[in-house]
Amino acid sequence: MTDRFCVALSGDFKRADGTLTYPDFDLAPLRVARGVEMAFIDSVSPIRADQLKDFDALILLSHRFAPESVPKGGCLGLVARFGVGYDTVDVDACTKAGIALVITPDGVRRPVAVSIITLMLALTGKLLTKDRLTREAAAGFARRSDHMGVGLVGRTLASLGIGNIGAELFRLAKPFDMKFIAHDPYADRSVAAELGIDLVSLADAFRRADILSVSVPLSPATHHLVNAERLALMKPTAYLINTARGPIVDQKELTRALQEHRIAGAGLDVLEEEPPDPTDPILKLDNVILAPHALCWTDQCFAGNGAADVKAVLDFQHGRVPTGVVNCAVLESEAWKRRLAENRRRFAE
Ligand SMILES: NC(=O)c1ccc[n+]([C@@H]2O[C@H](COP(=O)([O-])OP(=O)(O)OC[C@H]3O[C@@H](n4cnc5c(N)ncnc54)[C@H](O)[C@@H]3O)[C@@H](O)[C@H]2O)c1
């Protein structure tokens, strides 16, 4: 056992020319931390076990962490994903090997909630339409009264899901004086009460919303949660916003609803197929605002994800359970408890 604590960064944190992929990810706290040595491993996906055999922790961008990535008999005890999606990580393999997987809800909460507000304001304010009118000069100005926006006071903001991001949306939307409703079968009722959100049935969320935002995880239960039948419940003046995952919305049915003006419009940061097929009809519609699964990508979002991962790594180094653990069962495993106790002995101040 050495007094070095070795942290690997997946190779995709560096570009081919050796510069950092995301310079807003501040690595200084790791560089100066007592006992910590960090290294970028070669850019390989899935990551190979031999690349990780000397490391205590891995900070992982987009590369896959598969069963064959687990170093046999190694000291790896933490995989810290940069972001909240972890479909690239074999969670069972981590749990079996006593490796905790953490994600960074603190990093994305505000940036994604801001992107929902951005889409809500752009849709109801007809921002893109008015941008196009202006570029047509006099001809566009002449048509501006045909494109009234929609005021928000007293209108109903609905969210499917009031977890990390859904709840933050309502926190940010407070000054707009809207009515708040949400559907979330597992909602923390104290959060709903504190934010003045009425919890309603799924059908009521679709029926009553003027703006309906989707903030649920993608799972077999939420695949095509927004389908033809439920879209048909929406008001013709209502807007749908999806910043969660594309397949939660049946995109063919949404496209049809938008083409037939059965709803007023949609704001989508995520699509069923990413990147989309260039012939996808949704790309031709002018009542939809699209973003390439990157509307929340800001300097602060990337700095926040990085800071959360660094904190998780340093917590683990000092024998503390990090926040944001996905595979909570690992916390009961002997392998994890042993690693944590060893780290506490080696590094606790
Ligand atoms: N666009 C982006 O770049 C981006 C970035 C981060 C997260 N996301 C996505 O945003 C979504 C929300 O993330 P989060 O951090 O708030 O997750 P979270 O787990 O904190 O919250 C999700 C909420 O959805 C609820 N829920 C689960 N099943 C439901 C159902 N069938 N109906 C209604 N509610 C249900 C849960 O009870 C929970 O409260 C996820 O899909 C995530 O992948 C997107």
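In each ligand, atom 1 is the first atom listed, and ligand 1 is the first ligand listed.
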Is any N or O atom of [X], backbone or side chain, closer than 3.5 Å to an N or O atom of ligand 1?
{"X": "Val216", "answer": "yes"}
{"X": "Trp297", "answer": "no"}
{"X": "Asn164", "answer": "yes"}

Touching ligand 1 at all, [X]? Heavy atoms, strictly under 4.0 Å?
{"X": "Ala221", "result": "no"}
{"X": "Pro105", "result": "no"}
{"X": "Pro185", "result": "yes"}

Problem - Minimal non-hydrogen separation, Ile41 against Phe55, with atom names - result: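 Scanning both residues, the minimum pair turns out to be CG2-CE1, 4.0 Å.
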Problem - Closest contact, heavy atoms only, Ala238 versus Ile263 - result: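 Heavy atoms only, the tightest pair is O-CB, 3.6 Å.
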Handout entry: Identity and separation of the nearest protein heavy atom to atom 8 (N) of ligand 1
Key =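 Result for atom 8 (N) of ligand 1: Arg245 NH1, 3.8 Å.
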Problem - Identity and separation of the nearest protein heavy atom to atom 24 (O) of ligand 1 - result: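 Heavy-atom neighbour on the protein nearest atom 24 (O) of ligand 1: Pro217 CD, 3.5 Å.
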Which atoms of ligand 1 sit under 4.0 Å from any heavy atom of [X]?
{"X": "Val84", "answer": "6 (C), 7 (C)"}
{"X": "Ser215", "answer": "12 (C), 22 (C), 23 (C), 24 (O)"}
{"X": "Tyr186", "answer": "27 (C), 28 (N), 37 (O)"}
{"X": "Cys296", "answer": "3 (O)"}
{"X": "His293", "answer": "1 (N), 2 (C), 3 (O)"}
{"X": "Val112", "answer": "4 (C), 5 (C), 6 (C)"}
{"X": "Ile162", "answer": "39 (O)"}

Looking just at side-chain N and O atoms, do [X] and [Y] make a donor-acceptor pair shorter than 3.5 Å?
{"X": "Asp280", "Y": "Gln251", "value": "yes"}
{"X": "His224", "Y": "Glu272", "value": "yes"}
{"X": "Asn305", "Y": "Thr104", "value": "yes"}
{"X": "Ser43", "Y": "Asp12", "value": "no"}

Ion pair present between [X] and [Y], side-chain N to carboxylate O less than 4.0 angstrom?
{"X": "Glu168", "Y": "Arg110", "answer": "yes"}
{"X": "Arg339", "Y": "Glu342", "answer": "no"}
{"X": "Glu136", "Y": "Arg143", "answer": "yes"}
{"X": "Arg135", "Y": "Asp131", "answer": "yes"}

Handout entry: Evaluation steps, ring pair (Phe, Tyr, Trp, His ring centres under 6.0 Å), between Phe82 and Phe25
Key = CA-CA 10 Å; Phe82 190 86; Phe25 177 5; 5.2 Å; yes
Practice task
Report yes or no: do Val102 and Phe347 belong to one cluster of Ile/Leu/Val/Met/Phe/Trp/Tyr joined by side chain heavy-atom distances under 4.5 Å?
Solution key: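 Val102 and Phe347: one cluster.
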Of the side chain and backbone of [X], name the one, both, or neither that has a heavy atom under 4.0 Å from an atom of ligand 1.
{"X": "His183", "answer": "both"}
{"X": "Leu295", "answer": "neither"}
{"X": "Ile165", "answer": "both"}
{"X": "Thr222", "answer": "side chain"}

Problem - Sub-4.0 Å protein heavy atom next to atom 20 (O) of ligand 1 - result: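 Given the 4.0 Å limit, the answer for atom 20 (O) of ligand 1 is yes, a protein heavy atom qualifies.
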Exercise for the section: With atom 25 (C) of ligand 1 as the reference point, say which of Asp184, Leu160, Thr104 has the nearest heavy atom. Expected result: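 Checking each option, the heavy atom nearest atom 25 (C) of ligand 1 is found in Asp184.
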Handout entry: Residue selection (non-hydrogen contact nearest atom 4 (C) of ligand 1) among Asn242, Ile103, Val191, Thr243
Key =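 Checking each option, the heavy atom nearest atom 4 (C) of ligand 1 is found in Thr243.
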Exercise for the section: Determine whether more than 12 heavy atoms belonging to other residues, nucleotides or ligands lie under 6.0 Å from atom CZ of Arg144. Expected result: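 Atom CZ in Arg144 is not packed in, count stays at 12 or less.
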